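The structure under discussion appears below in the form of structure tokens.
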Amino acid sequence: MAIQIFNTLGRKKEAFVPLTPGRVYMYVCGPTVYSHPHLGHAKSYISFDAIVRYFRYRGFRVKYVQNITDVGHLTDDADSGEDKIIKKAREEKLDPMEVAQYYTWSYFDDMDALGVLRPNISPHATGHIIEQIELIKTLLKKGYAYEVGGSVYFDITRFPEYGKLSGRKLEELEAGARIEVNPDKRNPFDFALWKHADPAHLMKWPSPWGLGYPGWHIECSAMSMKYLGETFDIHGGGLDNVFPHHECEIAQSEAATGRPFVRYWMHNNLVTVNGVKMSKSLGNFITIKEALQKYSPNTIRYFVLSSHYRSPLDFSDQALNGAQRGLERLVTMVRRIRKALSQAGENTKVDPPFEVEAYRKRFEAVMDDDFNTPQAIAVLFELVKRTQDLLGEGKASRAFLEGVDALITDIGQHVLGLLPQDLSKPDSASLLPVVEKLIQITVDVRSELRKQKLWPLSDKIRQELASLGIVIKDRPDGSTEWEHNF
RNA sequence: GGCGCCGUACCCAAGUGGCUAAGGGAGAGGUCUGCAAAACCUCCAUUCGGCGGUUCGAAUCCGCCCGGCGCCUCCA
């Protein structure tokens with residue numbers, strides 16, 4: 001059966017039929033780089049990471065594009081707001097591009113730490129000004145946009161389908177209007193494609209309409225269509241981007257090309273703290289860097305993937321601690337299974353106690369159903385637990401364990417990315433502090449033995465340590481120093 | 001005010017018409033153990049915010065009510 005995707009456009013699950021067989025062309029809205037990413041970003045990008053990984057597991061070749069927004073985005077929509085990156089640059093007395101670059105690296109650092117695979121293409125908005133201008137020119141030529149005083153606006157009345165994604169109607173929007181009316185706009189809900197820049201503005205580019213900078217929505221249309229085509233399979237992002245951002249993307253893209261823009265719209269739900277949305281503007285966010293000081297990357301992944309991507313996720317230390325414990329136990333059990341596998345003989349005559357394939361089918365069934373990662377985790381737990389039970393009974397053959405291990409690897413590593421790459425080989429860097437601590441403990445015990453004048457035993461310890469390259473030096477004052485040659 | 005989502009055990013969280021309501025955490029009891037910890041085993045919602053309705057049958061569909069949240073302004 002085909003993968004079922006909940007399409008925001010239509011609000012129901014649909015079978016995923018790629019435009020090109022075997023390929024997935026996918027775009028996910030990336031971050032605006034003016035501050036460190038927070039747990040909300042973690043949820044979004046870990047969720048889509050698991051989705052991309054699952055498509056690949058399923059044999060699709062995925063072209064995954066995720067933008068870096070390094071210009072644009074005003075602090076409000078009354079057209080009086082300031083570009084957030086420029087605001088930060090002014091505050092920190094930096095060039096705007098220094099700000100964008102600094103937080104771009106911060107973003108990738110955090111994503112790498114969380115095991116989020118990098119997109120195939122990470123286009124920057126400032127690197128695609130030409131494409132954006134070309135798109136705006138097309139919209140002007142086709143009569144979907146108009147220019148006023150060096151700014152260009154999209155004429156919302158020319159696109160009757162406006163609102164089809166978010167389920168809004170223009171009349172309703174006007175009824176609830178709270179934004180200040182911009183006198184340049186013909187309709188209050190026309191949105192900017194290009195903004196005129198006054199001379200003091202820091203980020204500006206030449207255009208047919210004078211010096212200016214692109215509007216908020218145009219970059220995603222320009223870059224997604226450049227790399228994925230005028231119509232592509234999947235466009236994802238946070239729920240908070242459905243309106244107006246994605247609605248406007250649809251309007252300007254479909255107006256420009258006359259074709260459907262995106263076939264499946266996917267939106268992840270938001271992270272809340274004490275039930276309230278976590279966001280930069282509310283200031284209640286926890287950065288990924290902060291979270292990583294308390295919890296391991298895989299704990300955060302586990303926490304995120306243990307709820308469905310379309311469900312809200314409430315952050316609390318209690319929930320994170322629960323996730324940490326659960327993951328630890330999972331890793332312990334997997335480690336035990338792998339150890340058993342490495343020691344298993346060729347006792348191939350034992351019948352498989354249960355069908356590993358049945359678990360694989362279950363895993364695929366739940367992931368096929370709109371990427372139900374919580375259930376995938378449940379399947380993994382059941383598989384691991386049941387295998388461990390058999391281990392105790394001595395009923396697991398080598399071939400059987402190999403099958404189990406392959407499935408654990410597929411679910412836990414390849415798709416969910418929860419398990420360390422190689423459980424049997426911790427890297428030496430992380431082991432050294434432990435080794436040194438062990439030496440210290442041994443030396444401390446020996447010091448206690450010497451106090452009790454148990455010389456043969458303390459001498460034996462010194463010799464054994466020496467044979468390992470650890471030299472012990474007893475000082476006249478009774479203290480003991482040591483060093484090792486590794 | 002408009003649009004939409006959610007409310008499942010102590011906590012997190014699947015399930016959206018029909019086998020005994022997944023899984024994890026916490027908790028309780030037990031095995032093991034010099035003690036402790038770890039590990040393992042067992043137990044832990046006749047019930048799904050409330051009240052009605054549809055149905056042979058509902059946590060799942062419909063209506064109303066209560067509670068929480070999101071979008072309508074930049075946000076993943």
Side-chain angles (χ1 to χ4, degrees), chain A residues 8 11 13 28-32 34-35 37-48 66 69 72-85 87 107 163 166-180 189 216 236-247 267-272 274-283 285 302-330 332-333 336 362 366 369 372-385 388-389 391-392:
Chain A
T8 307
R11 285 206 184 80
K13 284 181 194 169
V28 171
C29 281
T32 304
Y34 69 98
S35 64
H38 55 69
L39 288 175
H41 299 95
K43 174 168 165 73
S44 185
Y45 300 124
I46 288 172
S47 296
F48 284 108
Q66 188 189 93
T69 297
H73 292 217
L74 304 177
T75 49
D76 67 61
D77 197 41
D79 296 341
S80 57
E82 195 174 8
D83 182 305
K84 284 175 176 171
I85 292 168
K87 181 164 178 257
Y107 171 72
S166 55
R168 277 163 224 279
K169 298 181 180 70
L170 277 182
E171 315 83 70
E172 288 164 356
L173 282 171
E174 295 193 57
R178 278 194 284 151
I179 56 173
E180 257 180 72
F189 297 98
W216 173 29
L239 204 54
D240 49 355
N241 273 329
V242 175
F243 188 91
H245 185 49
H246 293 159
E247 197 70 71
H267 293 96
N268 63 275
N269 215 313
L270 308 175
V271 175
T272 58
N274 297 321
V276 179
K277 174 183 171 181
M278 178 184 293
S279 75
K280 290 179 185 174
S281 45
L282 290 177
F285 58 87
Y302 180 95
F303 176 62
V304 167
L305 295 175
S306 67
S307 84
H308 189 86
Y309 78 90
R310 283 191 291 111
S311 296
L313 182 64
D314 195 57
F315 172 87
S316 70
D317 279 311
Q318 193 181 15
L320 260 300
N321 284 327
Q324 186 169 32
R325 279 290 300 149
L327 182 62
E328 278 170 9
R329 283 194 56 231
L330 182 69
T332 298
M333 291 190 283
R336 200 170 294 154
R362 276 179 61 195
V366 299
D369 185 11
N372 197 324
T373 54
Q375 295 218 67
I377 290 173
V379 170
L380 183 58
F381 260 98
E382 282 184 46
L383 170 70
V384 165
K385 241 179 149 169
Q388 181 174 264
D389 289 348
L391 245 37

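Only a predicted model underlies this, so the values are computations on that prediction, with no experimental measurement involved. Chain identifiers are assigned alphabetically (A, B, ...) following the order of the sequence lines, protein sequences preceding nucleic acid strands; residue numbering begins at 1 within each chain.
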Collect all protein-nucleotide pairs involving nucleotides 59-61 of chain B in which both atoms are nitrogen or oxygen and the distance is under 3.5 Å.
none

Could you tell me how far [M] sits from [N] if I compare only their [atom1] atoms? Round to whole Å.
N	M	atom1	value
B:rG23	B:rC61	P	23 Å
B:rA28	B:rG52	C1'	39 Å
B:rC44	B:rG4	P	42 Å
B:rC64	B:rA14	C1'	28 Å
B:rG34	B:rG29	C1'	23 Å
B:rG7	B:rC11	P	15 Å
B:rG24	B:rC56	C1'	37 Å

Under the salt bridge (charged side-chain N to carboxylate O under 4.0 Å, His left out) test, residues paired with [X] that sit two or more places apart:
X	result
A:R11	none
A:R362	A:E382
A:D389	none
A:K385	none

A:S307 and A:K43: which non-hydrogen atoms are nearest, and at how many Å? OG-NZ, 3.9 Å

Looking only at heavy atoms, the pair that brings A:F315 and A:M278 closest together is CB-CE, 4.5 Å

Determine whether A:P31 and A:Y45 make a side-chain contact, defined as any pair of heavy atoms from C-beta on separated by less than 4.5 Å. yes

Kindly indicate whether the side chain of A:H308, heavy atoms from C-beta on, has any atom under 4.5 Å from the side chain of A:N372. yes

With a non-hydrogen cut-off below 4.0 angstrom, is [X] in contact with a base, only sugar-phosphate, or nothing?
X	result
A:G236	nothing
A:R336	sugar-phosphate
A:N241	sugar-phosphate
A:H267	nothing
A:Y45	sugar-phosphate
A:G40	base

With RNA chain B as reference, determine whether A:R11 or A:G238 sits nearer its 5' end, using the nearest nucleotide of each. A:R11

Going by purine N1 to pyrimidine N3 plus the second Watson-Crick contact, or the G-U wobble pair, all under 3.5 Å, which nucleotide sits opposite [N]?
N	value
B:rC5	B:rG68
B:rC61	B:rG53
B:rA39	B:rU31
B:rU20	none
B:rU46	none

Rounded to whole angstroms, how far apart are [atom1] on [X] and [atom2] on [N]?
X	N	atom1	atom2	value
A:L305	B:rA14	CG	C1'	14 Å
A:L313	B:rC12	CG	P	11 Å
A:Y309	B:rC6	OH	P	13 Å
A:D389	B:rA39	CG	C1'	13 Å
A:F303	B:rC12	CZ	P	10 Å
A:K43	B:rC12	NZ	P	15 Å
A:F189	B:rU73	CZ	C1'	11 Å
A:H308	B:rC6	NE2	P	11 Å

Which residues satisfy the side-chain contact (heavy atoms from CB on, under 4.5 Å) test with [X], sequence neighbours excluded?
X	value
A:S35	A:K280
A:R336	A:T332, A:Q388
A:D314	A:T272
A:N241	A:C29, A:W216, A:H245, A:H246

Taking side-chain hydrogen bond (donor to acceptor under 3.5 Å, both in side chains) as the test, write out the residues that go with A:Y302, two or more places apart. none

Nucleotide by nucleotide, 5' to 3', does protein get under 4.0 Å of the base (B), only the sugar-phosphate (S), or neither (-) in nucleotides 19-30 of chain B, counting heavy atoms? ---BSSSS----

A:S311 side chain N/O closer than 4.0 Å to the phosphate oxygens (OP1, OP2) of B:rA14? yes

A:T32 side chain N/O closer than 4.0 Å to the phosphate oxygens (OP1, OP2) of B:rA76? yes

Between the protein and nucleotides 69-71 of chain B, list the N/O to N/O atom pairs that are separated by less than 3.5 angstrom.
from   : atom 1 : to     : atom 2 : distance (Å)
B:rG70 : OP1    : A:K277 : N      : 3.4
B:rC71 : OP1    : A:K277 : NZ     : 2.2
B:rC71 : O2'    : A:R168 : NH2    : 2.9
B:rC71 : O2     : A:R168 : NH1    : 3.4
B:rC71 : O2     : A:R168 : NH2    : 3.4

With a 6.0 Å cut-off (strictly less than), is the heavy-atom count around CG of A:D317, excluding the residue itself, greater than 12? yes

